[in-house]
Amino acid sequence: MRNLSFFFFFITFFAAVRSDPSDHRYKEGDPVPLYANKVGPFHNPSETYRYFDLPFCEPGDLKEKKEALGEVLNGDRLVSAPYKLEFQRDKELVSVCDRKLSKQDVARFRSAVRKDYYFQMYYDDLPIWGFIGKVDKEGKDPSDYRYFLYKHIHFDVFYNKDRVIEINVRTDPNALVDLTEDAEVQAEFLYTVKWKETNTPFEKRMDKYSQSSSLPHHLEIHWFSIINSCVTVLLLTGFLATILMRVLKNDFVKYAHDEESAEDQEETGWKYIHGDVFRFPKFKSLFAAALGSGTQLFTLTVFIFILALVGVFYPYNRGALFTALVVIYALTSGIAGYTATSFYCQLEGTNWVRNLLLTGCLFCGPLFLTFCFLNTVAIAYKATAALPFGTIVVIVLIWSLVTSPLLVLGGIAGKNSKAEFQAPVRTTKYPREIPPLPWYRGTIPQMAMAGFLPFSAIYIELYYIFASVWGHRIYTIYSILFIVFIILLIVTAFITVALTYFQLAAEDHEWWWRYEITIYHKFLSCFSWLVF
């Protein structure tokens with residue numbers, strides 16, 4: 001018993017004092033992982049390349065970090081950096097390497113400096129950035145510009161007890177390598193490390209990266225966007241309430257018990273075609289497949305919002321969003337199969353297997369073709385956006401072993417469901433002829449009108465979202481985004497009902513596909529928010 005107690009004491013003591021990058025606790029002198037990620041032009045954050053695609057000093061033990069699926073999809077390619085930053089160890093003017101840059105190396109660095117290249121690294125999972133050089137614009141003519149490479153980097157690291165809290169990087173403006181001429185240059189790359197103590201708790205070390213989107217003037221703009229959206233909703237609500245309460249209430253009661261004698265009455269507008277409203281649409285299989293895919297994307301959007309609201313996607317949680325997208329999309333494929341096949345059978349469809357195949361390919365097919373094109377371009381330019389072959393195999397296996405079986409199971413469940421399509425009025429035997437309509441009642445003008453009001457409700461949030469995609473902003477106000485998402489759904493529903501009524505009032509009973517296009521377009525818009 002005494003030996004056993006000693007054993008448990010030893011294990012407890014070892015667990016308390018061990019240093020492990022996984023829990024971000026270190027002792028003085030312990031190596032803290034520093035990974036170089038990528039480089040790219042500052043004005044185009046989507047164009048990134050591997051860090052050592054530029055002729056920087058490489059460490060003797062260059063190792064690639066094993067990355068999760070989401071990190072690879074995010075374009076992260078982490079490798080060990082040439083700088084050694086041990087915990088609480090100050091360093092001054094430590095030489096990384098002293099090397100001669102060839103003409104080709106000088107030309108590559110000069111081209112990168114001309115395009116304002118920046119580098120990104122991760123130190124204990126904290127992101128750091130810095131520019132690799134600067135352009136001295138002495139004259140107005142570009143031929144008079146001079147190009148310099150920074151060769152001395154300062155790391156300022158803040159710690160609280162045994163944990164790293166913050167790291168900043170700056171370059172020495174006086175330690176430069178002239179890259180202007182096409183000639184070999186001797187360069188010694190140096191770095192300095194300074195450790196400083198701080199009282200900031202470890203749990204709040206990521207707050208600095210999300211503060212930019214939570215500044216008071218930014219929050220005022222977001223709330224203005226919500227107020228603008230609410231006004232749009234109120235206007236649409238009043239408009240639709242007027243139509244439904246004053247115009248349609250009595251007609252719904254009258255035609256709920258339809259009789260053939262009603263056809264002999266002198267009626268106009270939607271009442272004239274009440275017997276054609278629920279006539280099944282053309283291309284039933286494609287219609288049901290689009291409905292199933294849209295339902296899956298909507299479900300995916302809701303789950304992603306839930307994860308965002310509980311704090312899963314904190315700033316620079318590398319690849320968490322892409323991992324969630326892949327996993328949740330695979331797990332919700334059964335919803336697409338069930339919805340599509342069930343509705344297809346309600347429309348009296350017979351070839352449910354073809355419908356199920358169409359459902360599985362409707363979204364994944366165009367996505368796969370787009371991926372093939374973009375990945376080929378990325379491979380040609382050796383960008384980090386190019387997915388490795390192993391990652392592609394993993395995605396294919398997920399689609400084959402998870403997505404497809406769940407899709408089939410959902411389709412079988414939908415086929416065996418006893419749901420029946422019950423129209424509130426009886427459909428006549430022969431469809432009525434649709435009268436000629438003015439140009440603004442066509443499909444394309446109606447689609448433009450259907451997109452205008454929802455866009456006006458979300459355009460301010462879209463600006464911040466696209467600024468985080470194509471710029472260096474960080475979007476973290478998921479609660480406000482969720483409110484705007486709810487408003488978007490309400491506006492979309494209202495505008496869809498209004499335009500469908502106007503279409504039926506013009507005696508055009510082929511409303512199914514126009515309604516489907518409007519809703520499916522909004523689902524894709526919501527999904528694109530998350531991908532961005």
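Model, not experiment: these values are computed from the prediction.
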Closest heavy-atom contact between Ile304 and Ala324? CD1-CB, 3.8 Å
Flag the pair Phe363 / Tyr329 as yes when their ring centroid distance falls below 6.0 Å, and as no otherwise. yes
For Ala330 versus Ile398, what's the shortest heavy-atom pair and its separation? CB-CG2, 3.8 Å
Closest heavy-atom pair and its distance - Leu387, Val72: CD2-O, 3.8 Å
Count the heavy atoms belonging to other residues, nucleotides or ligands that lie under 6.0 Å from CZ of Phe303, then report whether that count exceeds 12. no
Using a cut-off of 6.0 Å, state whether more than 12 heavy atoms not belonging to Lys196 lie near its atom NZ. no
Stepwise side-chain contact (heavy atoms from CB on, under 4.5 Å) test for Glu166 and Asn168: CA-CA 7 Å; Glu166 182 180 347; Asn168 298 314; 3.2 Å; yes
Kindly say whether Arg77 contributes a backbone atom to a donor-acceptor pair with the side chain of Arg50 at under 3.5 angstrom? no
Would you check, one step at a time, whether the test side-chain contact (heavy atoms from CB on, under 4.5 Å) holds for Asn375 with Ile392? CA-CA 10 Å; Asn375 202 60; Ile392 298 176; 4.0 Å; yes
Minimum heavy-atom distance between Asn355 and Ala289, given as atom pair plus value: ND2-N, 3.8 Å
Using every non-hydrogen atom in the two residues, find where Val169 and Ile153 come nearest and quote the distance to one decimal. CG2-CG2, 3.2 Å
I'd like to know if the side chain of Asp76 pairs up with that of Asn37 as donor and acceptor (distance under 3.5 Å, no hydrogens or angles considered). yes
Can you tell me if Trp195 has over 12 outside heavy atoms packed within less than 6.0 Å of its CH2? yes
Measuring only between side-chain heavy atoms, which start at C-beta, is Arg205 closer than 4.5 Å to Asp124? yes
For the pair Lys38 (side chain) and Thr48 (backbone), establish whether a donor and an acceptor sit closer than 3.5 Å, ignoring hydrogens and angles. no
How close do Phe202 and Ile165 get, heavy atom to heavy atom, and via which atoms? CA-CD1, 3.7 Å
Output, in order, the C-alpha distance, side-chain angles, deciding distance and verdict of side-chain contact (heavy atoms from CB on, under 4.5 Å) for Tyr49 and Tyr117. CA-CA 10 Å; Tyr49 307 94; Tyr117 265 45; 3.4 Å; yes
CA sep, side-chain torsions, deciding dist, call: Leu307, Leu321, side-chain contact (heavy atoms from CB on, under 4.5 Å): CA-CA 9 Å; Leu307 294 177; Leu321 176 59; over 6 Å; no
Spell out, as yes or no, whether a donor-acceptor pair under 3.5 Å connects the side chain of Trp352 to the backbone of Ile412. no
What do you reckon, is CZ of Phe371 surrounded by more than 12 foreign heavy atoms closer than 6.0 Å? yes
Got a second to check how far Ile167's CD1 is from Asp125's CG, nearest 0.5 Å? 12.0 Å
Show your reasoning for whether ring pair (Phe, Tyr, Trp, His ring centres under 6.0 Å) applies to Phe131 and Tyr150. CA-CA 8 Å; Phe131 286 100; Tyr150 294 125; 8.3 Å; no
Does the side chain of Phe322 reach to within under 4.5 Å of the side chain of Val326, using non-hydrogen atoms? no
Enclosure of Asn199 CG (heavy-atom neighbours >12, cutoff 6.0 Å): no
